[in-house]
Amino acid sequence: MRFHTPKTFEQAAAIAAGASGLTRFLAGGTDVLVQLRAAIVTPDDLIDLKHIPGVKDIARTTEGGWRIGIAVSGAELGRHAGVCADWPGVVEGMQLVGSTQVQGRATLVGNLCNGSPAADSVPGMMAAGAMVSVIGPQGNRAVAVEDIPAGPSRTTLLPGEVITAIILPPRGAHGGDAYLRFIPRTEMDIAVVGVAVNLRRDGARIIEARIALGAVAPKILLVPAAAQAIIGTALDAVALAALSAAAIAASTPISDKRGTATFRKDIVGVLVQRAARIAYTRAEGASA
Amino acid sequence: MPKDDLKTAYRLVGTRPNRPDGLDKVTGRARYGADISAPGMLHAAVVRSPHAHARIIRIDASKALALDGVKAVITRADFPTGLTGEDWNLQENTLAGDVALYDGHAVAAVAATSKLLAQDAARLVEVEYEVLPHVIDVDAAMQPDAPVIRAGTADHSVPEGMHPNVVKYIEFGHGDLEAGFAEADLVRAQSYKTEATHQGYIEPHACLGQMGADGKGEMWVCTQGQWYIRRMCSAVLGTEASQLRVTPSEIGGGFGGKTTIFMEPLALALSRKAGGRPVKLVMSRAEVLRATGPTASASMDVKMGMKVDGTITAASVNFRMQGGAFIGSSPVGEALSCALACYTVPAVFHQGYEVLANRPKAAAYRAPGSPMAAFAVESLLDEMCHELGLDPLAVRLKNAAREGAKASYGPTYNRIGLVETLEATMAHANLKVPLGPNQGRGAAAGFWFNHGGETSVSLAIGEDGTVTVSVGTPDVGGSRASLGMMTAETLGIAYESVRVNIVETGALGVNEPTHGSRATFASGLAAVEAAKQAIAQMCARAAAEWGIDAEAVEWLDGAAVPAGPNAGKFPPMSIAEIGAKMGSTGGPISGHHEVTAGGVGASFGAHVVDVEVDPETGRTTVLRYLVVQDAGRAIHPAYVEGQYQGGAVQGIGWALNEEYVYGADGRLQNAVFLDYRIPVASDLPMIDTVIVEVPNPGHPYGVRGVGETGITPPLPALANAIAAATGVRLRSLPMSPPKVLAAIKANARG
Amino acid sequence: MSKIHVSTTVNGDAVEFLADPRDTLLDCLRDQLGLTGTKEGCGTGDCGACSVQLDGVLVCSCLVLGAEAEGKTVATVEGLSNGPDLHPLQRKFIEHAALQCGFCTPGILVAANALLTQNPDPTEVEVRYWLAGNLCRCTGYDKIIRAVMDAGAEMRGTH
Amino acid sequence: MVEINLWSGLRRFAGDQTVISVSGSTVREILDALVKAHPALLQVIKAGVSVSLNGQIVTNMSTAVDPLDEIYLIQRIKGG
């Protein structure tokens, strides 16, 4: 295994593009090292991205959103008042990844690129409409977060491509988001089900919504039908029931060591209502 | 109030001094199994079967041996043949012979100059398998069509006509069962299941072994019992026990799982093959979960008869347990013996079967067998109390076993403290806390025998009157403190003047491990006797110097003094004075005590838990938890509380989320702490404790073992609390959210 | 495979070692530097026994490559006391009997120290969640939580 | 004579009895007498049993027994 510490994303992409064997990028390393230790994935080239200037930065975009560096840890994200105020659902998703120790290292991009259908930070990003900036042999491109996962442990990124930042859109007025997951313990588990809801209100009425579900399909799903179930409503009982039904209908979970398919469907129907209520309340409080 | 005639006013016993090994353990200096290295050391890695059951056709290590730095590869061919009984089981479990019997079963081992190289080399060892049909579930393993794991394993006890996987049958009881059930106003029968769980000690098994061609060897190892390691390794390797010197490291938890061997002979065999270079072998967490000794899984039937006043008239139990692919590894006998031990029941009948399955060889786990039995019996008892409208704790008290009563397993009880324990439980403030919606309270009682066992302790007076105590029971949770306190109490000296050392196998006679809750009990009893021997010698030295009879000298507050006015008038001769001149008064002064300790006192406990269950997700939150248990006498109450709290939380884990999850392929699915879910700090409230003291007349300070009983009541207490909170009764562990939610939904459908 | 030369600072001392690219910081601390106070319980970041601070950030050293420590500062349990003077957490752990086997103790002390540094007056719930990644199998956590709370109180000077 | 109480699963090795009267003054002697009377019990004793004497497990085979003592053979117990 070769260990690289490029100083620019261009160098990183070039190393990756030129590599003949297995390549992994190292940001937080909390997944890469586990796989390395267990000999599940032993890369030929490991490319540490943390020496690239700016990867730890969080900055306002000109549009009023946030540009989050690829090495920003969960703990650092959680300490950033601006992002926490705008996108609490994104932050709470990220902060549920692992322990305090893991929070010191784990990153949004790493969680996304690990390709887990149960990744806690990804539903929140999808629901928020986050984009990633990608650099690669074919140049730069911007990709929606929902277009990155390709299935368990797989992404749509091309060989030699590397994500350079996550872009959260402007929060805008009267919006709120929330992420909830179900685990058997209070901490330290992988989500059995994860649900993110992002919505915007006009008075009591929901006028926009994006809903993403984790761990109920081979990849994390954006579910427009669930969003449609609450758009135009005041999140009354009928809307919540429709929301629950839409989320359950969109779910095609498996039974595994973490839960049965039946249980996951039950839980997604419960959590999506709870998350929607939180997002709805947050949107009421959000003025700007 | 004192419950017996034993002295109750002590200077040290019952206080809470700092433990002597505390400084080493908070500074990182304490050395555990993997913390030591030796010059010329090699590192080992183990090749393990990925199949639950497979014939080993061929092992080709040529690619591994071709790597630069690989020094030895061993297979079963490197071990002696002809072993029988448990020795054969141990050898077979250390390294598979013709057939790999479970996922993770070791088939070969490699020694190399670095850890990474050894791991790389292990991956290059090619093993060709013929996969055989496997069976995991205990009930399935008894079915006529179940694959036969090893024909001819069954012992004399198994009746004709049973499946060859049934290897032991046990039956006992007393009284007229049918008459007892006929006399009852309510008779209920139910079936229960528990999944295998792991002790979950945080320190993986680790050892550093060295052995030459002459069969002389040394081993540094994390273990509960260095003599067990010595005997078992020697048996497996065909060497002589006394030629192997085993030094116990500090131990990072054991709970019964480190009372036996798993990979230790591999380090010695690799060393022998590599020309005597020391070999370090450290398990990964996945290896610990796949290939050490989890507990048995159980399938159990219970039938009980009760009168409307709560009197239990009769009870019968039928348990099936698998403890892996080896006979004698399940605790079915213990489970049966504990099942009804809390109660005096005129008619009882117990039946049990041990069954082989393609799982790792079960080891002891804290009160082996008792938690499963308690889950079944205490659940049914609770259910029947509610059906009859009775207070479950009052019913337990009404039927409680007490001194002079016939135990469910046969003999008559001596002084025991279940009644006092239940009374203290019923009086506790936790029981008066009002509960809210979706909340429920559950109680249960539990029992463990405790154990004495082979014990050898040596004590020596130092030149300055300080004292060294050498014991053979590794300190898993503060026993250096309790042993030092009892020694100092007996000698009348300061606690700080005693140093307790856990010593290697060459330094004492044979000791059983720290198991069966015996370290403070048995090593303590022996340390007190050794101290008394030393006191007798010191009195004799003083008598000689004073020119009076030794009988005319007594020991008081750390000094020899004349016994009464007729003995003569001499100032007290302190232990320091005696020690300072012992070279010129007859030589070194020491005391020894060697015994297979009897006088064991059983420990009973009762737990009460309050839970809240989320009716939409099935998740259980523990709100409040109370442990009440008879300690006999708490030498160091803080470490007694620690045993109660730790046992309770292991039981909570077992009850709610811990389980071995196997795939259809027979492979363990959750061999990582991420998915083998032991309780984390945020899952729990404080664990309230009450130490009941009904002194054990069989111990000089009244000690009963306290380590094990605490894991038995949580399983049924949680089930009873969940039933109270939800109205649904879970009869299968763990009571994980999917199971609880499914039960709630099924109940709602009616 | 060629090794990587790493210069770093551990508990205030400048140190150098050669790391295989696959070696974790935990491996390097224990095997190269002889700092065996940091323990390995799982190797997957699930138990916290290997907790250290890396440039002041609490991490699992099993999830950090040795090579990543280049130019950084590492603080382990061995650096917690000031010479013979124990850190209040260390003293409170002994006084409260907050350890039984002691294997998880170094990681918990390091993690608790990181907590009290950033939050000198944590609630019980905050302590429990902060330490959720530090598994202890002996104590049931009760005495650990009390010891951390008590150490915090002493460090705040409230008793 | 001393009465030894067997567990009922041993009945078929002991002439359909669970209480056997034997003579002897130590644990060793009464176990020897038991096996002499019912040779099929040898395999059981060899496989390992615990002897309860007046409610206490005894391991010293030379322990004295008295006709009034309560003696039970019970399952061997191991701890964790």
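Protein chains get the first letters and strands the later ones, always in sequence-line order, with residue 1 at the start of each. Atoms considered below: every heavy atom in the structure, side chains included; atoms not considered: hydrogens, waters and symmetry mates.
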*Asks:* Is B/Phe673 in contact with chain A via its backbone, its side chain, both, or neither, using a 4.5 Å heavy-atom distance?
*Replies:* backbone
*Asks:* Identify the heavy atoms of A/Arg185 and B/Arg619 that sit nearest to each other, and give their distance.
*Replies:*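 Closest heavy-atom pair between A/Arg185 and B/Arg619: O-NH1, 3.0 Å.
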*Asks:* I'd like to verify something: which residue of A/Val192, A/Thr42, A/Val270 has the highest number of heavy-atom pairs under 4.5 Å with chain B?
*Replies:* A/Val270
*Asks:* Kindly say whether B/Asn670 contributes a backbone atom to a donor-acceptor pair with the side chain of A/Lys257 at under 3.5 angstrom?
*Replies:* no
*Asks:* I'd like to know which of A/Thr260, A/Asp266, A/Ile267, A/Thr262 tops the heavy-atom pair count under 4.5 Å against chain B.
*Replies:* A/Asp266
*Asks:* Chain A heavy atoms under 4.5 Å from B/Leu741: which part of the residue, side chain, backbone, both or neither?
*Replies:*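 Just its side chain gets close to chain A.
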*Asks:* Of all the heavy-atom pairs spanning A/Phe182 and B/Pro737, show the shortest one and how long it is.
*Replies:*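 For A/Phe182 versus B/Pro737, the nearest heavy atoms are CZ-CB, 3.5 Å.
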*Asks:* Is B/Asn657 in contact with chain A via its backbone, its side chain, both, or neither, using a 4.5 Å heavy-atom distance?
*Replies:*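 Only the side chain of B/Asn657 comes within 4.5 Å of chain A.
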*Asks:* Quick check on side-chain contact (heavy atoms from CB on, under 4.5 Å): which of B/Leu684, B/Thr621, B/Val680 does A/Thr186 satisfy it with?
*Replies:* B/Val680
*Asks:* Could you have a look at B/Thr620, B/Asp614, B/Val672, B/Leu656 and say which one has the most heavy-atom pairs with chain A under 4.5 angstrom?
*Replies:*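 Greatest number of close heavy-atom pairs with chain A: B/Asp614.
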*Asks:* Where does B/Lys739 contact chain A at under 4.5 Å (heavy atoms): side chain, backbone, both or neither?
*Replies:* neither
*Asks:* Between A/Arg264 and chain B, with a heavy-atom cut-off of 4.5 Å, which part of the residue counts as in contact: side chain, backbone, both or neither?
*Replies:* neither
*Asks:* Taking B/Asp675's backbone N and O only, do any of them form a donor-acceptor pair with A/Arg258's side chain (distance below 3.5 Å, no angle check)?
*Replies:*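 Between the backbone of B/Asp675 and the side chain of A/Arg258 there is no qualifying donor-acceptor contact (under 3.5 Å).
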*Asks:* Which bit of B/Thr617 comes within less than 4.5 Å of chain A, counting heavy atoms only: side chain, backbone, both or neither?
*Replies:*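 Interface part for B/Thr617: both.
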